[in-house]
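Keep in mind that what you see is a predicted model, and the values were worked out from it rather than measured. As the structure lists them, so they are numbered: ligands from 1, and atoms in each ligand from 1.
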Amino acid sequence: MNILLTGGAGYIGSHTCVILLEQGYDVIVVDNLCNSQVTSLKRVEQITGKKILFYQEDLCNPAGVDEIFRQNSIDAVIHFAGLKSVAESVDQPLRYYQNNIDGTLVLCEVMQANGVKSLVFSSSATVYGNPESVPINENAPVGAFNPYGRSKLFIEKILTDLYFADKSWNISLLRYFNPVGAHPSGLIGEDPFGLPNNLMPYISQVAVGKIPELQIFGDDYETPDGTGVRDYIHVMDLAQGHLGALEKLASDPGLVTYNLGTGKGFSVLEMVAAFEKAAGKKIPYKIVGRRPGDIPTCYANPSFAEKELGWTARRGIDEMCADAWRWQSMNPKGYV
Ligand code: NAD
Ligand code: WQD
C-alpha cells in the first residue's frame, strides 16, 4: 500500500515513516521543508534500509500536489503538514490560516479529484483550550484560543463537513497531546529551527550546552508542585498510533476522533528531574512568570483509542528523556 505523508520530513512525520516502512508500507512524502530538512528522510532510510519517494512541494500548490497523485497510486494520506508555533501564530495569523487551512483544502480537493478518500489528520489537544476537567475525553467541549489552535479546530470542522457531504470518505482526527522523545537509534529526533518553543527540546538544548538555562513559566498554578502539568507522549508511541488509525480506515469507520496521549500528567519539575536522571547532569533553571495563554493541567483519557485501535502508549518518561537525550547528544546541532 502507498501512503502519502504530507509534512513527512518533520518531527512526527519522520518517526511515522519508520513505523510504516517497518510494517511494509510504501511511503511517499510531500514537504516544502519550511520547518525540516531532507536529511531526516535519509536517516529514516538508514534506519529501515528502505527507500522513500520524496517530493519537495508546497501543499498550497494545487498543480504540484495533483501531479504527485497522478504519478502514484495512493491509497491513503496522513496529513502532518502545517505550521505549529503558537507564539508565531499570534504574530502572523494570516500566514498560519493560509498555510494550514489552504494546504488542507488543496489536499482534500486533489484527493477527491483523484478518488482517494482515506485521511488521517494531525490535530492537537490544543483544540480543548483550557479543559473543564481532566482526563479529557474526545467529546469534551472544544475552544482553542490562539490562531494555531483555531486553525486545527477549523480544519476539524472542514473535514467533518466534507464527510457529511460525502460519506465515502474515511477520516481520522488524531488529537495529539505533548509529543516528545526520539527514535532509540538517536538518528532522528526533534530539530526546531531557532529557539525551541516547547519544553522538551528546550531542556535538551540546555543539557547539551546550547542554551544556558531553562526558564520555568510559573510555579503558582493549582498543581501539586505549582508548575504546569501535561501529558507527554513518546513520539514512537504516537507514530504507532498512526498505524492503528490507518489500519482502522481500511475497515470503513467514517469520521472518528481519537485522543493520542498516555493518560498521565507530569509537571515541568518532574520532567526536569527525569531528564537530569537520563542525561546524568543538572539542568540549570529559574522560575519566571507565567507564559500568556498557558493552562495549568492537560491530560488525555486515551481509552477510546485503546478500545477502537488496540493502541496504547507504552513508553514512560524515563524512556522519553533517555531517547531525547540520545538524539540531542549525538546531534548537538540537529541535522546540520
Ligand atoms: P514539524 O514542523 O516538524 O513538521 C511539519 C512539517 O510540515 C514540516 O516538515 C514542514 O516543512 C511541513 N510543512 C508545513 N507547511 C507545509 C506546506 N504548506 N507544504 C508542505 N509542507 C509543509 O511539526 P511536527 O511536530 O512534526 O507536527 C506535525 C503535525 O502535528 C503538525 O500539523 C502539528 O501542528 C501537529 N501537532 C504537533 C504537535 C507537537 O507538539 N509537535 C502537537 C500536536 C499537533
Ligand atoms: C509544556 C509545559 C509550559 C517551555 C504546546 C502547544 C500545543 C501543542 C504542544 C501543537 C507548560 C512549560 C515550556 C519552557 C516552560 N502543539 N514550559 N518553559 O504549551 O502544553 O503545548 O505544544 O499542537 O498546541 O500549545 O507545550 O512544551 O510548550 O509546554 O516552563 O521553556 O512546559 O509552561 O507548562 P504546551 P510546551
Side-chain angles (χ1 to χ4, degrees), residues 5-16 29-38 40-41 55-61 64-65 78-87 89 95-96 98-104 106-107 121-129 144-146 148-149 151-152 155 174-180 189-193 195-203 205-206 211 213-219 221 223 227-233 235 238-239 242 260-261 265-269 271-272 285-299:
L5 274 61
T6 75
Y11 172 45
I12 304 169
S14 56
H15 289 79
T16 305
V29 167
V30 54
D31 199 305
N32 65 0
L33 303 179
C34 69
N35 197 39
S36 56
Q37 300 188 47
V38 77
S40 65
L41 298 178
Y55 293 88
Q56 183 168 353
E57 182 58 80
D58 195 309
L59 217 54
C60 299
N61 173 14
V65 179
I78 308 183
H79 178 30
F80 295 103
L83 300 173
K84 65 165 181 177
S85 159
V86 170
S89 80
R95 179 169 164 242
Y96 268 66
Q98 199 276 333
N99 187 77
N100 293 1
I101 295 179
D102 198 25
T104 305
V106 167
L107 174 68
F121 171 61
S122 298
S123 189
S124 168
T126 198
V127 300
Y128 296 116
F145 42 58
N146 56 65
Y148 164 71
S151 78
K152 290 290 173 192
I155 294 168
L174 303 185
R175 292 177 177 162
Y176 311 155
F177 281 67
N178 289 59
V180 297
E190 188 168 11
D191 181 21
F193 288 172
L195 209 57
N197 296 301
N198 296 114
L199 179 66
M200 276 294 265
Y202 208 102
I203 294 179
Q205 293 198 11
V206 171
I211 303 174
E213 71 177 356
L214 169 71
Q215 299 193 329
I216 295 184
F217 300 136
D219 65 350
Y221 286 104
T223 60
T227 64
V229 168
R230 297 290 185 273
D231 186 336
Y232 297 95
I233 176 170
V235 67
L238 189 64
H242 291 74
L260 295 186
F266 290 95
S267 73
V268 177
L269 287 171
M271 294 309 284
V272 169
Y285 69 81
K286 77 164 175 242
I287 308 285
V288 299
R290 292 182 180 193
R291 183 171 64 177
D294 269 357
I295 55 173
T297 303
C298 177
Y299 55 92

Considering only non-hydrogen protein atoms, determine which one is nearest to atom 22 (O) of ligand 2 and report residue, atom name and distance to 0.1 Å. Asn198 ND2, 2.9 Å
Nearest protein heavy atom to atom 29 (C) of ligand 1, by residue and atom, and its distance? Phe80 O, 3.2 Å
Top protein contact for atom 5 (C) of ligand 1, by heavy-atom distance: Gly82 O, 3.8 Å
Candidates Pro179, Pro201, Gly8; heavy atom nearest atom 40 (O) of ligand 1 found on Pro179
Val127 and Arg175 have their tightest heavy-atom pair at CG2-NE, 3.4 Å
Can you check whether Tyr176 has an N/O within less than 3.5 Å of an N/O in ligand 1? no
Measuring from Leu195:CG to Ile211:CD1, what's the distance to the nearest 0.5 Å? 5.0 Å
Quick one: does Gln56's side chain get under 4.5 Å of Val38's, heavy atoms only? no
Please check: side-chain N/O of Asn198 versus main-chain N/O of Met200, any donor-acceptor pairing under 3.5 Å? no
Would you check whether Glu190 reaches within less than 4.0 Å of ligand 1, judged by its heavy atoms? no
Give the minimum heavy-atom separation between Ser122 and Lys152, together with the two atoms involved. O-NZ, 2.9 Å
Against heavy atoms of Ser124, which atoms of ligand 2 measure under 4.0 Å? 10 (C), 23 (O), 24 (O)
Taking all non-hydrogen atoms of both residues, which atom of Gly7 and which atom of Phe80 are closest, and how far apart? O-CB, 3.9 Å
Starting from atom 13 (N) of ligand 1, locate the nearest protein heavy atom and write down its residue, its atom name and how far away it is, to 0.1 Å. Asn32 OD1, 3.5 Å
Return the residue, atom name and 0.1 Å-rounded distance of the protein heavy atom closest to atom 2 (O) of ligand 1. Asn35 ND2, 2.7 Å
Identify, by atom number and element, the atoms of ligand 1 in contact range of Asp58, meaning under 4.0 Å from any of its heavy atoms. 17 (C), 18 (N), 19 (N)
Ignoring hydrogens, what is the shortest heavy-atom contact between Ala9 and Ser40? Give both atom names and the distance. O-OG, 2.8 Å
Below a 4.0 angstrom heavy-atom separation, can you tell me which part of Val86, side chain or backbone, both or neither, approaches ligand 2? side chain
Going by the angle between their ring planes, with limits at 30° and 60°, are Tyr96 and Tyr148 parallel, tilted or perpendicular? perpendicular
Out of Tyr232, Phe217, Tyr202, indicate the one that has the non-hydrogen atom closest to atom 14 (C) of ligand 2. Phe217
Shortest non-hydrogen contact from Thr126 toward Gly149: CG2-CA, 3.6 Å
Against ligand 1, does Asn198 come closer than 4.0 Å with any heavy atom? no
Which residue holds the protein heavy atom closest to atom 11 (C) of ligand 2, what is that atom called, and what is the gap in Å? Arg230 NH2, 3.6 Å
Relative to the heavy atoms of Tyr148, which atoms of ligand 1 are at a distance of less than 4.0 Å? 33 (C), 34 (O), 35 (C), 36 (N), 44 (C)
Where do Gln37 and Phe193 come nearest, in terms of heavy atoms and distance? NE2-CE2, 4.0 Å
Would Tyr221 count as a contact residue for ligand 2, given that I'm defining contact as a non-hydrogen atom of the residue lying under 4.0 Å from a ligand atom? no
Closer than 4.0 Å to some heavy atom of Thr126 - which atoms of ligand 2 meet that? 24 (O)
Taking the side chain as C-beta and beyond, is there a heavy-atom pair between Ser267 and Thr223 under 4.5 Å? no
Taking 4.0 angstrom as the limit and counting only heavy atoms of Gly228, give me the atoms of ligand 2 inside it, by number and element. 34 (O)
Numbered atoms of ligand 2 (with element) below 4.0 Å of Asn197, judged on heavy atoms: 4 (C), 28 (O)
Side chain or backbone of Ala125 under 4.0 Å from ligand 1, or both, or neither, by non-hydrogen atoms? neither
Logged contact type for Asn178 with ligand 2, heavy-atom cut-off 4.0 Å, is side chain
Check contact between Ser123 and ligand 1, using heavy atoms of the residue and a distance below 4.0 angstrom. yes
Atom 12 (C) of ligand 2: nearest protein contact (heavy atom, Å): Val268 CG2, 3.7 Å
Of all protein heavy atoms, the one nearest atom 11 (O) of ligand 1 is Asp31 OD1, 2.7 Å
Distance to 0.1 Å, residue and atom name: give those for the protein heavy atom nearest to atom 25 (O) of ligand 1. Lys84 NZ, 2.8 Å
Purely on distance, is any nitrogen or oxygen of Leu83 under 3.5 Å from one on ligand 1? no
With the side chain counted from C-beta on, respond yes when Tyr285 and Tyr202 share a heavy-atom pair under 4.5 Å apart, and no when they do not. no
Atoms in ligand 1 flagged as close to Leu33, the criterion being non-hydrogen separation under 4.0 Å: 11 (O)
The closest protein heavy-atom partner of atom 18 (N) of ligand 2 is Gln215 O, 2.7 Å
Quick check on Glu57 - does any of its heavy atoms sit under 4.0 Å from an atom of ligand 1? yes
Nearest non-hydrogen protein atom, atom 27 (O) of ligand 2: Leu199 N, 2.8 Å
Atom 28 (O) of ligand 2: which protein heavy atom is closest, and how many Å away? Arg291 NH2, 2.8 Å
So for Tyr148 against ligand 2, with non-hydrogen atoms under 4.0 Å, the contacting part is side chain
In terms of residue, atom name and distance, what is the protein heavy atom nearest to atom 15 (N) of ligand 1? Asn99 ND2, 3.1 Å
Heavy-atom distance under 4.5 Å between the side chains of Val106 and Asn61, does that happen here? no
Within 4.0 Å of some non-hydrogen atom of Asp294, the atoms of ligand 2 are 3 (C), 19 (O), 33 (O)
Do Leu59 and ligand 1 have an N or O pair less than 3.5 Å apart? yes
Got Ile295 and Tyr128 here, is their nearest side-chain heavy-atom distance under 4.5 Å? no
Please state whether Cys34 comes within less than 4.0 angstrom of ligand 1, counting heavy atoms only. yes
Taking atom 4 (O) of ligand 1 as the reference point, the nearest protein heavy atom with its distance: Gly10 CA, 3.5 Å
Backbone or side-chain N or O of Met200 under 3.5 Å from ligand 2 N or O: no
Taking the ring centre of each residue, are His242 and Tyr176 less than 6.0 Å apart? yes
Contact between Asp31 and Ser36 at the side-chain level, heavy atoms closer than 4.5 Å - yes or no? yes
Taking Asn100 for the side chain and Leu83 for the main chain, is one N or O donor matched with an acceptor at less than 3.5 Å? yes
Are side-chain heavy atoms of Leu214 and Leu199 found at a separation under 4.5 Å? yes
Give the atoms of ligand 1, by number and element, whose distance to some non-hydrogen atom of Ser122 is under 4.0 Å. 29 (C), 30 (O), 32 (O), 35 (C)
Nearest-0.5 Å distance, CG of residue Asp191 to OH of residue Tyr11: 11.5 Å
Heavy atoms, side chains only, cut-off 4.5 Å: are Phe177 and Leu260 in contact? no
Nearest 0.5 Å, please: how far is CG in Leu107 from CG in Leu59? 5.0 Å
Any donor-acceptor N/O pair, Arg290 side chain to Asp219 backbone, under 3.5 Å: no
